[in-house]
Amino acid sequence: MDIFKRIVILMVMYAFSAVLLYIASQHTPYLLPVIWISALMLLLCGIAYLGYHYFFKIRRRRS
């Protein structure tokens, strides 16, 4: 159940960040590539965090 709670929190954080990035892209369209690269990095870091935490917890339970 803990991993699902983390996934929901990550999705809420990512949705909020996407709204902020959309607002930023409306005000500065020339920075659009930088904005989308930062959104991609945010998504990848979130997925890596969930993966690391999930596998670390499995490894800790086995030992």
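Being a predicted model, the structure only gives us computed values, none of them experimental.
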Indicate every side-chain donor-acceptor pair of residues 26-34 with a distance under 3.5 Å to a residue at least two apart or in another chain.
residue : atom : partner : partner atom : Å
Gln26   : NE2  : Tyr22   : OH           : 3.3
Thr28   : OG1  : Ala24   : O            : 2.9

Return the set of residues passing side-chain hydrogen bond (donor to acceptor under 3.5 Å, both in side chains) with Tyr49 (not counting sequence neighbours), or none when no residue passes.
-> Arg6
Tracing side-chain links under 4.5 Å among I, L, V, M, F, W and Y, which residues wind up in one group with [X]?
X	result
Leu44	Leu40
Leu43	Tyr14, Leu42, Ile47
Ile23	Val19

Ile9-Leu50 co-clustered via ILVMFWY side chain contacts under 4.5 Å = no
